[in-house]
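So the structure is just underneath, and the comments pick up after that.
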Amino acid sequence: MNGLAPPSIGQMLTWDSSSLSPLVLMGAVLALWYWWSMHRVRARGRLWPWYRTACFLAGCLLLIAVTGSKVESYGNELFSVWMFQHLTLSMAIPPLWVLGSPGLLLLRSTSHRGPGRNVLALALSALRSRPAAGHVLLEIFFLTSGLLFIMPVLATGPLPVRQSYLGRCFDLFVEMPLHVFIGVVLMMATKPLLTTFVNPPPEWGVDVMQDQQLAGALAWSYGEPVALVVVVIFAMRWNRDDKRMNAAQDRRAEIDGDSDLEAYNNFLRSLSAAERPETR
């Protein structure tokens, strides 16, 4: 007997102090560090956008909510709750954290001398690096995989390698159909696909196949809107950076008279002169 009452939204949102996940502590520590660092940056007279703070703290609150509430316990028994929890860990929290630009905040809030220099060296070493059983380890895997996917797409801080916008666009559109495919497979299956969730407590009155179909519905109805928001933000940034690059090229052309264009035109004129027959 797991000691859980029959599942309901209210029961799942209840705080579970009996089996706190290490990820709850991680979320709280990250939120406190970010808040302290943000105030440190502002105390130096530098601006830090409010939306970055809101995004990062929202990601921390989501992490605490899905690992510190009874969602954690019900996720061991019900496929649909497990799917919701791990979609949140891999699809919702990583984009919020990356939009918060914690790497940039670390660089701006940490001293470049003394102990701060060692902290920055350790953080940069982690950025340059390439990245047994248990429920918590699986949660960490989903959270890490989500971060590794979204960081190259949305991160504004330092990265070891930065893809072109076209490459990032390809990554996005390769990943987007996966949740639809998984969701359709789960919804159309005629028997349970995972033995882990086939024996929920009898007193709950849960139909295993309905629970699996709900998990499939969550896979596409939860995952795809989040992916769409990421695509919209990505497209807006691409458009913004293209405009900045074009404006910089125009300013450079005004200063040096567009030497590249002039050189190209001279090259075309030389080709034309070489092909023109000699007149007598």
Side-chain angles (χ1 to χ4, degrees), residues 21-68 88-131 140 142-165 168 172 226 229-245 247-248 251:
S21 166
L23 293 177
V24 175
L25 178 61
M26 174 182 167
V29 169
L30 285 174
L32 290 172
W33 165 79
Y34 194 95
W35 188 257
W36 174 81
S37 299
M38 181 266 295
H39 280 286
R40 185 177 172 88
V41 168
R42 289 185 173 177
R44 294 175 177 175
R46 304 189 69 175
L47 295 177
W48 187 256
W50 66 268
Y51 66 85
R52 288 180 178 172
T53 303
C55 286
F56 193 87
L57 294 182
C60 292
L61 288 175
L62 271 179
L63 178 62
I64 293 171
V66 297
T67 58
T88 302
L89 290 169
S90 62
M91 290 293 296
I93 296 173
L96 289 171
W97 277 358
V98 172
L99 288 171
S101 301
L104 192 60
L105 182 61
L106 177 66
L107 290 175
R108 292 185 179 180
S109 64
T110 306
S111 173
H112 290 209
R113 295 184 296 273
R117 186 178 181 86
N118 297 327
V119 172
L120 289 175
L122 181 63
L124 290 173
S125 297
L127 279 171
R128 294 190 182 104
S129 63
R130 300 291 185 185
I140 294 173
F142 276 102
L143 186 61
T144 304
S145 62
L147 284 170
L148 290 176
F149 168 74
I150 205 65
M151 280 178 64
V153 176
L154 292 182
T156 56
L159 291 175
V161 177
R162 189 170 293 279
Q163 283 182 300
S164 67
Y165 274 104
R168 284 179 267 177
L172 277 174
V226 173
V229 171
V230 170
V231 168
V232 170
I233 295 173
F234 169 76
M236 291 171 62
R237 286 186 174 180
W238 191 352
N239 180 59
R240 178 198 64 190
D241 289 351
D242 270 354
K243 288 181 177 178
R244 286 179 178 174
M245 185 177 65
R251 287 194 299 269

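Please read these numbers as outputs of a predicted model, since none were measured by experiment.
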| message | Please determine whether side-chain contact (heavy atoms from CB on, under 4.5 Å) holds for the pair L63 and L89, giving the CA-CA distance in whole Å, both sets of side-chain angles, and the decisive distance to 0.1 Å. | response | CA-CA 7 Å; L63 178 62; L89 290 169; 3.7 Å; yes
Which heavy atom in [X] sits nearest to a heavy atom in [Y], and how many Å separate them?
X	Y	result
M38	W48	CG-CD1, 3.6 Å
T88	P94	O-CD, 4.3 Å
G27	I64	C-CD1, 4.0 Å
L30	C60	CB-SG, 4.0 Å

Within a radius of less than 6.0 Å around [atom1] of [X], do more than 12 heavy atoms belonging to other residues, nucleotides or ligands occur?
X	atom1	answer
R240	CZ	yes
M245	CE	yes
W36	CH2	yes

Between the main-chain N or O of G100 and the side-chain N or O of Y34, is there a donor-acceptor pair closer than 3.5 Å?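 Judged by distance alone, yes, a pair lies under 3.5 Å.
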Once you round to the nearest 0.5 Å, how far does [atom1] of [X] lie from [atom2] of [Y]?
X	Y	atom1	atom2	value
I233	R237	CD1	CZ	7.0 Å
I93	L23	CD1	CG	8.5 Å
T67	L62	OG1	CG	10.0 Å

### 4.5 Å side-chain heavy-atom contact, L106 and W33
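Yes, their side chains come closer than 4.5 Å.
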Ring geometry between W97 and F56 (parallel below 30°, tilted from 30 to 60°, perpendicular above 60°)
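F56 vs W97 ring planes: parallel.
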Please lay out, stage by stage, how L105 and R52 fare under the test side-chain contact (heavy atoms from CB on, under 4.5 Å). CA-CA 10 Å; L105 182 61; R52 288 180 178 172; over 6 Å; no
